[in-house]
Amino acid sequence: MEDVAGPGNAGGDPHSSPPPPTIAPNLKPELVAPPKYSIMSRCGTGTTGQTIPLLANHFKVSVNVPDAVFYQYFVRITSEDKIAVEGKGIGRKLIDRLYQTYSSDLGGKKFAYDGDKALYILGPLPQRRLEFSVVLEETFAKHENGSPLADKRSRRSFRSKTFNVEISYAAEIPLKSIALALRGVDVDNTQDALKVLDIILRQQAANRGCLLVRQSFFHDDSRNFVDVGAGVKGVRGFHSSFRPTQGGLSLNMDVSTTMILTPGPVIDFLITNQDVREARYIDWVKAKKMLKNMRINARHRNMEFKVIGLSEKPCNQQYFPMKLKSGNGTGEGQTVEITVYEYFTKHCGVELTSSQYMPCLDVGKPKRPNYLPLELCSLVSLQRYTKALSSTQRASLVEKSRQKPHERIRTVTDAVKKYQYDDDPMLATCGISIEKQLTQVNGRVLETPKLKVGNSEDCIPHKGRWNFNNKTLFNPTRIDRWLVVNFSARCDTSHISRELINCGRKKGIFIERPFTLLEEDPQCRRQSPVARVEKMFEQILAKLPGEPQFILCVLPERKNCDIYGPWKKKSLSEFGIVTQCISPSKINDQYLTNVLLKINSKLGGINSLLAIEHSSCVPLVNDTPTMILGMDVSHGSPGRSDIPSVAAVVGSRSWPLISRYRAAVRTQSPKLEMIDALYKPLENGTDAGIIRELLVDFYKTSNGRKPTQIIVFRDGVSESQFNQVLNIELDQIIKAYQHLGEVDVPKFTVIVAQKNHHTKLFQTGGSTDNVPAGTVVDTNIVHPRNYDFYMCAHAGMIGTSRPAHYHVLVDEIGFSPDGLQNLIHSLSYVYQRSTTAISIVAPICYAHLAAAQVGQFMKFEDLSETSSGNGSVTSAESIPFPELPKLHKNVQGSMFFC
């Protein structure tokens with residue numbers, strides 16, 4: 001593509017510039033300034049499909065004092081010695097005490113505080129800047145004998161601490177901005193006004209002693225706890241947020257879940273967390289990492305402490321200096337060395353039965369240790385667990401926390417009635433009242449897309465599902481040269497290969513007998529994963545005279561197998577061989593069919609095709625060369641800021657098909673959400689970016705046609721980042737296109753797909769079923785101005801379905817609402833890995849798969865497990881990160897990620 005100059009959109013975009021002259025090979029093309037984009041408004045609603053009455057978990061909100069104005073003040077807290085203090089943690093106590101002490105100075109005005117640096121007040125304060133001295137009393141243990149121990153003889157004392165609180169005017173936030181937004185007016189501070197209302201709800205929850213996690217709150221009620229294993233519990237709470245909709249302001253209320261450490265004895269927690277039988281098997285290095293910064297309660301004093309570490313020695317060997325009183329009881333006597341165990345048992349009368357050989361908890365300061373025997377300590381409730389869950393924990397959480405639709409309706413409506421939000425003084429002053437029933441909304445069920453399978457036979461999915469019983473694949477491959485490698489001691493690879501061949505014959509795939517079956521040497525199983533993979537490839541090279549089409553790899557574990565990453569890296573990057581990993585618990589026709597779907601896709605076959613693809617009738621796509629992109633960024637585990645993020649983009653190929661894709665993957669700075677390698681010009685004038693790679697592939701597989709239309713599906717960005725998608729990512733895509741010698745800019749349709757939201761749809765009449773597959777809602781609960789809609793393309797079989805929320809940011813191609821919704825619905829049926837409609841368009845799912853799989857190439861064992869995340873960043877930072885190894889040229893164009 002890059003060596004062909006000329007118009008890329010002849011007869012297309014009327015705003016295009018004339019074609020450029022031929023570019024000399026030694027000249028770098030001069031890029032034309034790309035157009036600036038802004039988020040479009042709604043252009044209508046869809047009409048196709050069967051109408052269905054629905055309920056949504058939105059509660060209508062009335063505002064009877066629309067002229068109310070919130071005054072925002074910046075809060076700065078300093079200690080007596082003028083050192084800045086973070087508001088989080090101590091801020092709410094200080095502001096509450098400030099209002100108790102200086103109510104008259106503040107005019108007795110109602111307030112809402114975000115717990116950190118922002119205070120919102122209904123009405124202005126007497127002065128733009130006020131300064132107060134606030135005294136807090138804190139409880140602490142005063143130790144006798146100068147001992148560094150929180151012991152039984154410690155007296156509970158109160159210590160006064162003075163803080164300086166400075167409140168300075170920042171801005172005015174009128175509530176009427178919400179009313180203007182509801183009428184479709186684009187107002188700058190609408191989000192600020194909504195944020196204040198959300199903060200009022202958070203403050204109310206904080207006053208009830210709830211754990212706050214962003215816009216969700218969680219009560220300390222054991223009835224809401226579910227055990228997910230390893231000392232971790234899921235706690236059910238509620239998400240609440242105010243949203244502007246076509247039907248007016250609404251409160252979006254939903255069930256939410258977060259993870260906490262199991263409250264109770266610390267020793268019991270460590271045994272469960274590390275899955276050991278007895279305390280003597282506890283790994284204290286891991287325990288120290290786990291317990292650091294946790295809050296515990298000492299039962300002998302009923303006081304709360306924060307853990308800073310563990311003692312270096314066991315309780316009965318950890319000495320400290322203790323000052324003895326003189327014989328006549330006056331003054332101080334000599335100082336003696338005594339163990340923590342001896343001090344508690346002999347001097348304090350505390351019986352220790354199980355922790356004398358264990359380290360003590362250090363709950364003091366870095367240079368002033370304060371030791372507590374472990375058996376006296378219990379973890380305080382509602383302490384968040386922020387590490388990634390294991391696959392077993394995730395499965396347990398899903399199993400125990402899912403709710404059928406009618407159960408979720410009851411839970412949410414009961415919560416709205418119970419918490420009486422509109423009784424809050426701040427909301428009441430604004431005249432805000434909240435209805436207690438779910439919002440009614442009309443949806444539409446779109447017609448199910450028809451598929452073509454083997455011999456161009458029609459296949460009509462039922463409730464979002466279909467199968468290949470007595471059917472063959474649309475375009476099956478032929479497998480002549482393959483082999484099986486076995487890392488599992490429990491699998492019979494001979495049986496697996498026979499059954500795979502038989503199942504393949506039924507689906508139209510001719511599979512020769514495997515060239516060889518390779519078993520791992522049992523002596524290798526104790527070696528590292530990388531060494532085990534190296535040994536296996538040595539066997540492959542020794543036994544196989546030529547290159548196989550693919551390798552079937554049997555792994556010992558189905559999830560999180562540590563061999564998977566090294567195996568994929570070796571096969572895809574170094575050797576360029578497509579592989580399929582399996583770890584079967586039982587082998588039947590359904591399981592083998594699913595495996596064959598993946599193998600066929602990876603080897604270039606097509607399992608099923610949309611009927612509109614087969615007949616070349618995809619509206620607006622068939623007539624003009626159109627490329628579809630799916631973009632996603634995968635970040636490291638929660639709480640990890642040292643692991644590179646992985647950006648993946650898939651692009652359609654072989655136009656006019658919309659079922660075939662190729663992936664390009666890059667690493668980028670940790671937590672960076674915007675993809676920074678879409679366009680990457682080098683000093684030698686070439687472009688090493690993702691988009692060039694995909695554009696060239698489109699050109700080569702589409703009979704030399706260049707895309708004059710590009711549809712972009714972007715996953716994983718919030719509403720506050722929509723403009724960055726247009727101004728950063730779309731700008732890079734255009735520059736990459738122009739770098740290939742093109743002056744004409746393609747027409748773009750840019751769509752953001754969100755799954756991480758809290759709107760749920762329910763059938764009316766108390767139905768226990770989820771909404772039907774293909775349900776779409778584009779009225780009432782959608783944005784009053786912007787172009788968005790909800791779609792539930794899949795059939796939810798368990799729990800409550802979560803619809804995808806699509807936001808159309810730009811539509812230069814000019815889809816009608818029906819045309820775009822039907823295209824998106826169809827793209828939920830082209831996912832080659834399964835025989836069900838998926839919940840979000842296939843290009844995004846493929847991008848997610850590619851990011852996850854290629855991300856496994858890199859292992860980060862040498863990085864700290866205790867690093868904490870700093871949140872998402874939106875621009876490139878100078879953080880070093882390892883580059884991904886490149887895919888071998890043999891597999892670059894394959895759907896290796898399937």
Enquirer: Are any of the side-chain nitrogens in E512 or R481 under 4.0 Å away from the carboxylate oxygens of its partner?
Expert: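 Judged by the 4.0 Å cut-off on N to carboxylate O distance, E512 and R481 do not form a salt bridge.
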
Enquirer: Restricting to pairs with a member in residues 500-509, which pass salt bridge (Lys or Arg N to Asp or Glu O under 4.0 Å), not counting sequence neighbours?
Expert: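 Only K507-D589 qualify under salt bridge (Lys or Arg N to Asp or Glu O under 4.0 Å).
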
Enquirer: Is any NZ, NE, NH1 or NH2 atom of the basic residue among E693 and R666 found under 4.0 Å from an Asp or Glu carboxylate oxygen of the other?
Expert: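 So E693 pairs with R666 through a salt bridge.
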
Enquirer: What orientation do Y37 and F748 show, parallel under 30°, tilted 30 to 60°, or perpendicular over 60°?
Expert: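 Y37 vs F748 ring planes: perpendicular.
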
Enquirer: Taking NZ, NE, NH1 and NH2 as the nitrogens, is one of them in D687 or R692 under 4.0 Å from a carboxylate oxygen of the other?
Expert: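 No, this pair does not count.
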
Enquirer: Can you tell if the side chain of T775 reaches within under 4.5 Å of the side chain of P803, non-hydrogen atoms only?
Expert: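 No; the side chains remain at least 4.5 Å from each other.
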
Enquirer: Holding to ring-ring contact (aromatic ring centres under 6.0 Å, His included), I want the full list of residues that pass it with H825, two or more places apart in sequence or in another chain.
Expert: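 Expected list: Y829.
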
Enquirer: Between atom OG1 of T593 and atom NZ of K598, what is the distance when rounded to the nearest 0.5 Å?
Expert: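 If we round to the nearest 0.5 Å, T593:OG1 and K598:NZ are 12.5 Å apart.
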
Enquirer: Give, for atom CD1 of I728 and atom CE of M674, the distance between the pair rounded to the nearest 0.5 Å.
Expert: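 If I round to the nearest 0.5 Å, the distance is 6.0 Å.
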
Enquirer: Does a salt bridge link E613 with K450, judged by any charged N lying under 4.0 Å from a carboxylate O?
Expert: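 Here E613 does not pair with K450 in a salt bridge, since their nearest N and O are not under 4.0 Å apart.
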
Enquirer: Would you check if H807 and Q754 make a side-chain contact, meaning some heavy-atom pair closer than 4.5 Å?
Expert: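 Side-chain contact under 4.5 Å: yes.
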
Enquirer: Are W567 and F537 close enough that their ring centres sit under 6.0 Å apart?
Expert: yes

Enquirer: Parallel, tilted or perpendicular: which describes the rings of H805 and Y790, with under 30° parallel and over 60° perpendicular?
Expert: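 Answer is parallel, since the angle falls under 30°.
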
